[in-house]
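The structure under discussion appears below in the form of structure tokens.
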Amino acid sequence: MNRQSIVILLSVLCSMLTFPQSFEQKVEAKFDQPNNIRQYLCKVASDITHNSLNDIKNLEDWEAVREERHQQFLEMLGLQGKPFEGKRPPLNVTKTGSIQKKGYRIEKLYYESLPGLYVPANLYIPNGIKKPLPAILYVSGHAHSQKYNYQTHAKNFAENGFVCLIIETIQRGEVEGEHLGQESNGWFHWYSRGYNPAGVEVWNGIRGLDLLSQMPEVDKNNLGVTGISGGGSQSWYLPAADSRIKAAAAVAGASSLEGQIVQKTIDDHCDCMMPINTYGIDFSDIGALIAPRPFMIAQPNRDLYYSIEAVHTLFHKTKPIYSFYGKPENLIMKDASGGHSYGSKEELRPEILAFFLKELKGKNISPDKLGEIDTSLELSEEALKAYVNGVPKDDRTKTIQDSFVELASPPEINTVEQLDSYKNEVKAFLKEKTFGTFPEKPASLDMRLDFISSSASGNERKDYSFVSEEGWRLKLSLQSGQPTDNNQPLLLVLKNPNEERYESAALVGGLRRKVIIAYFEARGIGETGWSQSEQWHIRRASAWTGRTIASMRVYDVLRCLQALRSIPGVDTDNISILAQGEMAAIASYTALLDGNVKSLLIKDPPATQNVPSDPTGKGEAIEMLNCLRVTDLPQVAGFQFPNQLVIIGSQPTTYDWAKELYNNLDRPGAYKSIQKVSQWLDN
């Protein structure tokens with residue numbers, strides 16, 4: 001081969017090698033967003049963790065917002081409306097037996113936290129009390145037979161001069177209620193209700209402190225709280241909620257939100273391990289509410305549920321608040337070896353005892369001077385049982401999730417003024433407590449025309465894409481009949497997750513000659529879809545970061561409307577939305593927030609958001625944080641008034657409210673019930 005032939009061959013080879021690089025660059029230019037839900041949620045969680053308390057530069061900053069954040073924290077536990085101020089319901093303490101041991105006695109009892117909500121407990125009281133003693137509330141973790149399983153802790157405190165009340169959770173006590181709503185049962189509507197079992201446990205703990213404070217044997221100015229696992233998280237919550245607690249020690253009860261989501265340790269956690277995250281907090285924000293009171297964070301280094309690094313992050317994020325008070329030494333981090341426990345050699349037990357001896361008794365004793373702590377389970381579960389004569393007949397433990405948080409009832413509306421007032425109230429609530437994670441500064445839409453085609457008959461298709469928020473570039477396909485010089489009305493069709501190929505097209509058959517049809521896939525649908533096997537994780541992880549799949553999709557559709565109104569040829573005052581099933585909920589909320597949707601067409605809409613889901617997390621994901629505290633789907637659809645509301649196919653009876661609304665306000669013609677979408681534009 002001569003030199004010229006070699007040069008020509010090399011040139012050809014080089015061109016072949018550079019073509020894939022050029023093609024890849026074009027793909028990167030087009031798909032400039034990850035469109036990956038895991039990557040998105042990990043980034044959101046990391047941002048929450050790293051931004052936690054960053055706005056607090058000094059003590060004045062903190063004191064200016066502390067009370068507001070305290071109230072927000074109580075709300076995220078579902079404790080709004082509970083009697084924190086003034087007189088509380090009587091505890092109605094019922095003692096059912098006593099066990100005398102060497103140096104202390106155990107009172108078996110139960111008390112009434114709320115009317116009909118009873119808490120079984122054991123009260124350990126040292127012998128020979130001559131003056132009121134410090135007291136410790138021991139909050140149980142998720143072990144079964146809790147008073148039995150954790151008895152050595154109460155015993156150890158009593159032997160060292162503390163009164164100790166050990167209370168059981170609603171989940172694994174003598175009456176087994178529910179902690180695992182979303183985790184095991186598919187009760188994702190708890191998010192919509194603003195309910196979290198942690199709130200019940202905190203309230204039961206607060207009432208336990210009430211019980212201790214009323215005892216003549218107890219120094220009510222020296223109260224402590226401690227526990228492990230679920231009791232560890234409660235040992236964060238309780239001192240943050242109740243200032244009567246002078247010192248707290250939380251064992252293996254929390255880590256950074258970043259750690260939980262990125263490392264997926266959330267998947268092994270009970271629902272009570274994170275409040276309803278309405279305000280996008282991390283546990284460091286909870287720790288700040290404890291400052292400057294003494295607080296020990298104790299954590300083993302091989303915990304299945306929390307990485308030691310993620311716990312250290314909380315410690316370091318909380319520490320500056322203690323420093324602002326001039327008390328950095330009051331926040332203590334204690335590491336241990338081993339898995340989810342007090343350490344492989346129980347080394348955290350003497351550390352915690354020494355901590356309480358110092359903070360509640362004023363005794364400085366080194367942990368290694370306290371001797372070996374007895375860990376034997378001496379008394380049987382039956383011996384420690386509080387309900388010796390049976391559970392009270394009116395006990396609400398198994399159903400407390402149905403009444404703990406007050407839900408909204410649809411009001412009777414007779415005037416437009418009443419409707420406007422109600423609608424404004426609902427919108428203000430939703431913007432703060434349901435859609436509070438919508439970006440304050442929306443990303444640039446960065447609209448692109450990705451594809452265009454036309455047919456001999458004049459039909460035209462244009463595919464656009466736009467950036468909904470950072471991380472998501474979503475697809476929008478417009479299809480129309482013969483183009484005209486006039487702006488045309490448009491029907492936005494929201495595609496459903498996992499719908500069949502031509503399902504949406506069949507739904508709107510015959511309308512393309514009358515309106516522009518725009519098909520839209522919100523995140524998690526179509527090209528940006530995720531595996532249904534990941535749906536359970538995504539629903540929980542989303543809620544822990546202050547959003548839900550449904551609320552994110554509402555934002556996507558709002559941004560889609562913004563994009564549509566920027567496209568030439570679209571009549572911006574004549575855009576309607578069509579959605580069915582799951583996406584009918586998204587469409588209804590979008591229409592409410594947008595306020596300029598000409599017609600809202602919903603086919604086979606869900607009757608309510610107050611319904612459980614599949615325990616696997618698969619299927620419809622219509623939950624939105626706190627929404628049921630202020631409204632429900634039939635009312636949201638009714639807010640379409642005075643514009644047109646069209647119900648297609650099956651109409652749940654709950655939507656009678658919307659129909660009556662249109663009738664009461666003299667717009668019966670604007671409410672339609674039809675069987676097929678093609679009937680929509682018929683006279």
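Along the sequence shown, the residues carry numbers beginning at 1.
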### Query
Salt bridge check: are Asp61 and Arg66 linked by an N-O gap of less than 4.0 Å?
no
### Query
Around Lys264, counting heavy atoms of other residues, nucleotides and ligands shown, do more than 12 lie under 6.0 Å from its NZ?
yes
### Task
Report yes if some heavy atom in the side chain of Leu478 is under 4.5 Å from a heavy atom in the side chain of Ile517; otherwise report no.
no
### Residues Ser504 and Glu499: side-chain donor-acceptor under 3.5 angstrom
yes
### Heavy-atom closest pair, residues Ala198 and Cys272
CB-O, 3.4 Å
#### Entry: Aromatic centroids of Phe520 and Phe466 separated by under 6.0 Å
yes
## Note on the structure
dist Phe438:CZ -> Met552:CE (nearest 0.5 Å) comes out at 10.5 Å
### Message
Between Trp530 and Gln535, is the side-chain contact (heavy atoms from CB on, under 4.5 Å) condition met? List the steps.
### Response
CA-CA 8 Å; Trp530 49 71; Gln535 182 94 333; 2.7 Å; yes
### Query
Is the closest side-chain heavy-atom distance between Asp420 and Phe641 below 4.5 Å?
no
### Message
Under a plain distance cut-off of 3.5 Å, with no hydrogens placed, do Thr49 and Glu258 share a side-chain donor-acceptor pair?
### Response
no
### Query
Does Lys475 pair with Glu527 as a salt bridge, N-O distance under 4.0 Å?
yes
### Task
Flag this pair as yes if the NZ/CZ of Arg547 is under 6.0 angstrom from the six-membered ring centre of Phe435 and inside a 45 degree cone about the axis; otherwise no.
no
### Task
Verify, without hydrogens or angle tests, whether Asn643 (side chain) and Val597 (backbone) share a donor-acceptor contact under 3.5 angstrom.
yes
### Query
Within the distance-only criterion (no hydrogens, no angle test), does the side chain of Glu425 pair as donor or acceptor with the backbone N or O of Tyr422 below 3.5 angstrom?
no
### Query
Would you find a donor on one side and an acceptor on the other, under 3.5 Å apart, between the side chain of Asn663 and the backbone of Pro668?
no
### Task
Count the heavy atoms of every other residue, nucleotide or ligand shown that sit under 6.0 Å from CD of Glu67, and state whether that count exceeds 12.
yes
### Query
Between the side chains of Ser256 and Asp282, is a donor N or O closer than 3.5 angstrom to an acceptor N or O?
no
### Message
Run Ser453 and Arg461 through side chain to side chain donor-acceptor pair (under 3.5 Å) and show every step you take.
### Response
CA-CA 5 Å; Ser453 70; Arg461 169 184 160 189; 5.0 Å; no
### Query
Taking the inter-plane angle between the rings of His189 and Trp187 on a 0 to 90° scale, is it parallel (under 30°), tilted (30 to 60°) or perpendicular (over 60°)?
perpendicular
### Query
Is the closest side-chain donor-acceptor distance between Asp614 and Thr616 under 3.5 Å?
yes
### Message
Keeping Lys317 on the side-chain end and Ser52 on the backbone end, is there a donor-acceptor pair under 3.5 Å?
### Response
yes
### Message
Show the nearest heavy-atom pair for residues Asp604 and Ser650, with the distance to one decimal.
### Response
OD1-N, 2.8 Å
### Query
Run the side-chain contact (heavy atoms from CB on, under 4.5 Å) check on Thr545 and Ile48 step by step: do they pass?
CA-CA 8 Å; Thr545 64; Ile48 290 174; 4.1 Å; yes
### Query
Judged by atom type as modelled, is there a donor-acceptor pair below 3.5 Å linking the side chain of Arg559 to the main-chain atoms of Val467?
yes
### Task
Using modelled atom types only, decide if a donor and an acceptor are shared between the side chain of Ser551 and the backbone of Met624 within a distance under 3.5 Å.
no
#### Entry: No-hydrogen, no-angle side-chain donor-acceptor test under 3.5 Å, Gln640 and Gln644
no
### Task
Could you tell me the separation between the CD atom of Gln651 and the CD atom of Gln675, rounded to the nearest 0.5 Å?
10.0 Å
### Message
Consider salt bridge (charged side-chain N to carboxylate O under 4.0 Å, His left out). Of Arg553, Lys603, Lys618, which one does Glu582 pass it with?
### Response
Arg553
### Query
If you look at every heavy atom in Tyr555 and Ser468, which pair is closest and at what distance?
CE2-O, 3.4 Å
### Query
How long is the gap from CG on Asn610 to CD on Glu623, to the nearest 0.5 Å?
12.0 Å
### Task
Report the C-alpha distance between Asp450 and Arg473 in whole Å, list the side-chain angles of each, state the deciding distance to 0.1 Å, and finish with yes or no for salt bridge (charged side-chain N to carboxylate O under 4.0 Å, His left out).
CA-CA 12 Å; Asp450 295 331; Arg473 175 170 287 280; 5.6 Å; no
### Summary
Those residues at least two apart in sequence (or on a different chain) that pass side-chain contact (heavy atoms from CB on, under 4.5 Å) with Pro615 are none
## Note on the structure
Here the gap from Leu53 atom CG to Asp285 atom CG, rounded to the nearest 0.5 Å, amounts to 4.5 Å
### Query
Roughly how far apart are Cys560 SG and Leu474 CG, rounded to 0.5 Å?
8.5 Å
### Task
Flag the pair Asp594 and Arg565 as a salt bridge only when some basic side-chain nitrogen lies within less than 4.0 angstrom of an acidic carboxylate oxygen.
yes
### Task
Taking all non-hydrogen atoms of both residues into account, name the closest pair between Ala579 and Ala587 and its distance.
CB-CB, 3.7 Å
### Message
Taking Gly181's backbone N and O only, do any of them form a donor-acceptor pair with Asp271's side chain (distance below 3.5 Å, no angle check)?
### Response
yes
### Query
Passes side-chain contact (heavy atoms from CB on, under 4.5 Å), Leu592 versus Lys423? Steps please.
CA-CA 9 Å; Leu592 169 62; Lys423 183 192 293 189; 3.7 Å; yes
#### Entry: Candidate list Arg540, Met273, Met274, Glu183, test side chain to side chain contact (heavy atoms under 4.5 Å, CB included), partner Ile266, passing option
Arg540
### Message
Can you tell me how far apart CD1 (Ile647) and OG (Ser673) are? Round to the nearest 0.5 Å.
### Response
7.0 Å
### Query
Is it true that a side-chain atom of Asp632 and a backbone atom of Pro634 form a donor plus acceptor pair closer than 3.5 Å?
no
### Message
Run the side-chain contact (heavy atoms from CB on, under 4.5 Å) test against Lys433 and tell me which residues pass, sequence neighbours left out.
### Response
Glu75, Thr278, Tyr279, Phe429, Asn626, Arg629
### Message
Would the distance check show the side chain of Glu470 and the main-chain N or O of Ala443 forming a donor-acceptor pair, the cut-off being under 3.5 Å?
### Response
no
### Query
Are any of the side-chain heavy atoms of Leu494 and Leu578 separated by less than 4.5 Å?
no
### Query
Do Arg539 and Trp544 come within less than 4.5 Å of each other through their side chains, counting heavy atoms only?
no
### Query
Tyr662 ring centre to Arg667 NZ or CZ under 6.0 Å, with the angle to the axis within 45°?
no
#### Entry: Derivation and outcome, side-chain contact (heavy atoms from CB on, under 4.5 Å), residues Leu628 and Gln609
CA-CA 7 Å; Leu628 290 169; Gln609 286 170 286; 4.3 Å; yes
### Query
Counting only N and O atoms by type, is there a donor-acceptor contact under 3.5 Å from the side chain of Trp536 to the main-chain atoms of Gly186?
no
### Contact check, side chains of Trp472 and Ile37, non-hydrogen atoms, under 4.5 Å
yes
### Message
Any heavy-atom pair between the side chains of Asn277 and Met76 that's under 4.5 Å?
### Response
yes
### Query
Do Asn574 and Asn487 come within less than 4.5 Å of each other through their side chains, counting heavy atoms only?
no
### Message
When you compare the side chain of Leu601 with that of Lys672, does any pair of heavy atoms fall below 4.5 Å?
### Response
no
